[in-house]
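Structure first, commentary second.
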Amino acid sequence: MITAVSRTYLRASTQAVCNSLKPAVIATTQATQQVRCLHSDLQVPDFSPYRRDSVNNAKRKNDSEESRKAFSYMMVGGAAVGTAYAAKGLVNAFVGSMSASADVLAMAKIEIKLSDIPEGKSVTFKWRGKPLFIRHRSEGEISTERNVPVSSLRDPESDDQRVKKPEWLVVIGVCTHLGCVPIANAGDFGGYYCPCHGSHYDASGRIRKGPAPLNLEVPAYEFPDEGTLVVG
């Protein structure tokens with residue numbers, strides 16, 4: 001049991017400890033108060049003199065923001081238009097570099113004077129690196145080719161489908177079998193004959209005998225006038 005003397009001793013000890021800690025607590029409290037007072041006295045610098053009048057003026061603030069937005073949109077739009085124009089130029093330059101050169105374009109078409117080809121003859125020209133057969137057919141050849149039954153042909157085409165003018169036959173002189181060059185005015189049908197593998201074509205350029213599967217190709221051509229033929 002704790003006696004009265006012990007209780008008195010404990011009270012005295014506790015009081016002494018409290019009295020010894022009291023100055024430290026007071027000092028800490030005063031320091032804290034001083035720090036708080038120091039922060040409360042700080043002021044944020046005023047940068048108003050360095051700002052534009054339109055920003056400082058509250059009435060014109062909204063107008064200034066709108067004008068800045070409009071300027072930004074204008075700059076972005078201008079950059080987009082410039083980029084699109086530059087891209088278009090690059091694409092045109094790239095496509096132009098892939099186009100045929102002037103000398104190739106010059107060979108794309110050939111103009112032939114028809115008066116230089118006598119009736120009943122076939123003349124060979126060079127067009128796009130291939131032989132081109134121009135045949136001035138006689139009345140007998142025209143009549144013979146028009147009377148051929150289309151159903152009897154391997155590659156059925158009537159003579160009217162292969163010529164624009166009855167007297168003129170225009171075909172590419174490349175055999176449709178293996179790409180050989182036939183001989184004009186030869187063969188069993190009086191048209192063209194390929195000696196490599198024995199393909200016979202008539203005076204309309206149609207395959208009539210031999211291994212060739214198709215008729216001689218008819219290129220695109222036109223007659224600008226009565227005495228001129230343009231192929232290509």
Side-chain angles (χ1 to χ4, degrees), residues 38-117 123-135 155-158 160-165 168-181 204-205 212-232:
L38 178 62
H39 284 287
S40 63
D41 292 339
L42 290 177
Q43 294 182 356
V44 178
D46 185 10
F47 294 100
S48 298
Y50 303 99
R51 296 178 179 175
R52 292 179 296 181
D53 294 338
S54 60
V55 177
N56 290 329
N57 191 346
K59 293 182 180 180
R60 298 177 57 188
K61 186 175 182 180
N62 293 333
D63 296 339
S64 176
E65 291 179 355
E66 293 297 330
S67 63
R68 287 198 297 272
K69 289 181 180 179
F71 179 77
S72 300
Y73 294 153
M74 182 180 66
M75 292 297 294
V76 172
V81 172
T83 303
Y85 185 79
K88 179 183 177 182
L90 291 175
V91 171
N92 289 337
F94 178 73
V95 173
S97 65
M98 298 178 64
S99 302
S101 58
D103 55 343
V104 175
L105 291 175
M107 296 176 59
K109 291 187 177 183
I110 181 172
E111 184 175 324
I112 300 168
K113 189 176 180 182
L114 297 177
S115 59
D116 295 336
I117 306 175
V123 180
T124 304
F125 297 88
K126 185 177 180 181
W127 176 68
R128 295 184 181 179
K130 300 177 181 179
L132 180 69
F133 294 160
I134 309 297
R135 188 184 190 96
D155 185 10
E157 276 188 310
S158 65
D160 293 338
Q161 292 178 285
R162 297 181 56 80
V163 296
K164 292 185 177 181
K165 289 186 177 182
W168 295 106
L169 174 68
V170 182
V171 293
I172 296 176
V174 176
C175 180
T176 58
H177 179 220
L178 291 177
C180 304
V181 179
S204 187
L214 301 173
N215 302 329
L216 294 179
E217 181 182 354
V218 177
Y221 66 93
E222 61 182 359
F223 295 95
D225 52 59
E226 290 296 328
T228 306
L229 170 66
V230 176
V231 182

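Position 1 is the first residue of the sequence, and the numbers go up from there. These numbers were taken from a predicted model, which means no experiment stands behind them.
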Taking the side chain as every heavy atom from C-beta outward, state whether [X] and [Y] have any pair of such atoms under 4.5 Å apart.
{"X": "Val171", "Y": "Arg162", "value": "yes"}
{"X": "Val174", "Y": "Pro131", "value": "yes"}
{"X": "Asp116", "Y": "Val123", "value": "no"}
{"X": "Thr228", "Y": "Glu111", "value": "yes"}
{"X": "Trp168", "Y": "Tyr221", "value": "no"}

Could you give the distance from [atom1] ([X]) to [atom2] ([Y]), rounded to the nearest 0.5 Å?
{"X": "Phe125", "Y": "Ile110", "atom1": "CZ", "atom2": "CD1", "value": "6.0 Å"}
{"X": "Leu216", "Y": "Thr176", "atom1": "CG", "atom2": "OG1", "value": "6.5 Å"}
{"X": "Ile134", "Y": "Ile112", "atom1": "CD1", "atom2": "CD1", "value": "4.0 Å"}
{"X": "Leu132", "Y": "Ile172", "atom1": "CG", "atom2": "CD1", "value": "7.0 Å"}
{"X": "Leu114", "Y": "Leu229", "atom1": "CG", "atom2": "CG", "value": "5.5 Å"}
{"X": "Thr124", "Y": "Arg135", "atom1": "OG1", "atom2": "CZ", "value": "10.5 Å"}

Taking every non-hydrogen atom, the tightest pair across Pro219 and Glu217: CD-O, 3.6 Å

Gly232 versus Arg128, closest heavy-atom pair with distance: CA-NH2, 4.3 Å

Within 6.0 angstrom of Met74 CE, more than 12 heavy atoms from elsewhere: yes

Counterpart residues, salt bridge (Lys or Arg N to Asp or Glu O under 4.0 Å), relative to Lys165 (two or more places apart): Glu226

